[in-house]
Asks: 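I have a structure I would like to understand better, so I am pasting it below and will then ask my questions one at a time.
Numbering of residues begins at 1 and proceeds along the displayed sequence.
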Amino acid sequence: AWSSREGPLLMWAAMIAFLSWWYRQRTTADAAGAPLLESVTCLLFLVSIGMEPFSLSTEYMRQRVPVEMNPLLQTSLMVIHPPIIFVFYSLTLLTAQFDICRVRNSDPVVDGYAHRAALLAFIVGTLGIGLGGLWAFTVLDWGGYWAWDPVETGSLLPWLVIAIRLHAPHSSLFRSILIQRSCAAV
């Protein structure tokens, strides 16, 4: 359920683990010096296991009538919107992994993978933010999306970073190695 934290954290960790596996299978890039995906996966698994995701709390068991999820979250758009946003976050981490590898070793093959990962992250992020906006417009009325939740508003920030990352190589300023390393660090 999206009303708790444990399930979405486990789902996100599983998505990142899958991307990490795919990354190792499909690319020849050496990520041993920058294990970003593996580190985030381990951190998410540890945090979610610490929250005991598979146990019912005693407070929940004492209730005569189980508490339902917030009615605003009980829409069909909320079934698809959170997983898409988590895929976007995962693809953003994959893009960062490729960019860190690019800084360490300039390889045209890694450049291609990094660009494709950023483009896919941008498309998925646009879809996720759009679905969140549609949900907020449907449930909260006009203007509710930006006033509702800092998490939803915060999904815009990585999207903007990915948009800058996609457009920056076409700028003459970006051709400087210092600027490239600064963008990879962001």
Asks: Same hydrophobic cluster for I85 and L157, using side-chain heavy-atom links shorter than 4.5 Å among ILVMFWY?
Replies: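 No, no single cluster joins them.
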Asks: Can you confirm whether L131 sits close enough to W135 that some side-chain heavy atom of one is under 4.5 Å from a side-chain heavy atom of the other?
Replies: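 In short, these two side chains do not touch, never coming nearer than 4.5 Å.
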Asks: What are the two closest non-hydrogen atoms of I162 and A118, and how far apart are they?
Replies: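 The answer is CG2-O, 3.3 Å.
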Asks: Sequence neighbours excluded, which residues qualify as ring pair (Phe, Tyr, Trp, His ring centres under 6.0 Å) partners of W22?
Replies: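 Expected list: none.
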Asks: Can you tell if the side chain of L10 reaches within under 4.5 Å of the side chain of F45, non-hydrogen atoms only?
Replies: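 Side-chain contact under 4.5 Å: yes.
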Asks: Kindly indicate, with the supporting measurements, whether the criterion ring-ring contact (aromatic ring centres under 6.0 Å, His included) is fulfilled by Y113 and Y23.
Replies: CA-CA 10 Å; Y113 281 124; Y23 168 75; 8.2 Å; no
Asks: If you compare all heavy atoms of Q97 against all heavy atoms of L37, which two are closest, and at what distance to 0.1 Å?
Replies: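 Here Q97 and L37 meet closest at OE1-N, 3.3 Å.
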Asks: Indicate if L9 and I49 have the same hydrophobic cluster label, given that clusters are the connected sets of ILVMFWY residues with side-chain heavy-atom separations under 4.5 angstrom.
Replies: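 Each belongs to a different hydrophobic cluster.
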Asks: Is there side-chain contact between F86 and M15, with at least one heavy-atom pair below 4.5 Å?
Replies: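 Side chain of F86 against side chain of M15, heavy atoms only: contact under 4.5 Å found.
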Asks: Rounded to the nearest 0.5 Å, what separates atom CZ in R165 from atom OG1 in T95?
Replies: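 Result: 6.5 Å between the selected atoms.
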Asks: For S20, what residues pass the side-chain hydrogen bond (donor to acceptor under 3.5 Å, both in side chains) criterion, not counting sequence neighbours?
Replies: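 Expected list: E38.
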Asks: Considering the options L19, T41, L36, which one meets the side-chain contact (heavy atoms from CB on, under 4.5 Å) requirement together with L93?
Replies: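 Single pass found, and it is L36.
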Asks: Say you draw a straight line from CG of L91 to CG of L119; how long is it, rounded to the nearest 0.5 Å?
Replies: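 Output value for this atom pair is 10.5 Å.
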Asks: Are L46 and I16 in one and the same hydrophobic cluster, where Ile, Leu, Val, Met, Phe, Trp and Tyr link if side-chain heavy atoms are under 4.5 Å apart?
Replies: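 No, it is not one cluster - the side chains of L46 and I16 are not joined through contacts under 4.5 Å.
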Asks: With sequence neighbours left out, what residues match F122 under ring pair (Phe, Tyr, Trp, His ring centres under 6.0 Å)?
Replies: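 For F122 the ring pair (Phe, Tyr, Trp, His ring centres under 6.0 Å) partners, ignoring immediate neighbours, are W159.
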Asks: State, to 0.1 Å, how close P158 and Y89 come at their nearest heavy-atom pair, and which atoms those are.
Replies: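 That closest heavy-atom pairing would be CG-CE2, 4.0 Å.
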Asks: Atom CG of L43 and atom OG of S39: how far apart are they, to the nearest 0.5 Å?
Replies: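 That separation rounds to 8.5 Å.
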Asks: Would you check if I123 and L127 make a side-chain contact, meaning some heavy-atom pair closer than 4.5 Å?
Replies: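 With C-beta onward as the side chain, the pair stays apart.
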Asks: What distance do L120 atom CG and T92 atom OG1 have between them, rounded to the nearest 0.5 Å?
Replies: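 Reported to 0.5 Å precision, the distance equals 10.0 Å.
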Asks: Between CE of M11 and OG of S90, what distance do you get to the nearest 0.5 Å?
Replies: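 Between atom CE of M11 and atom OG of S90 there are 8.5 Å.
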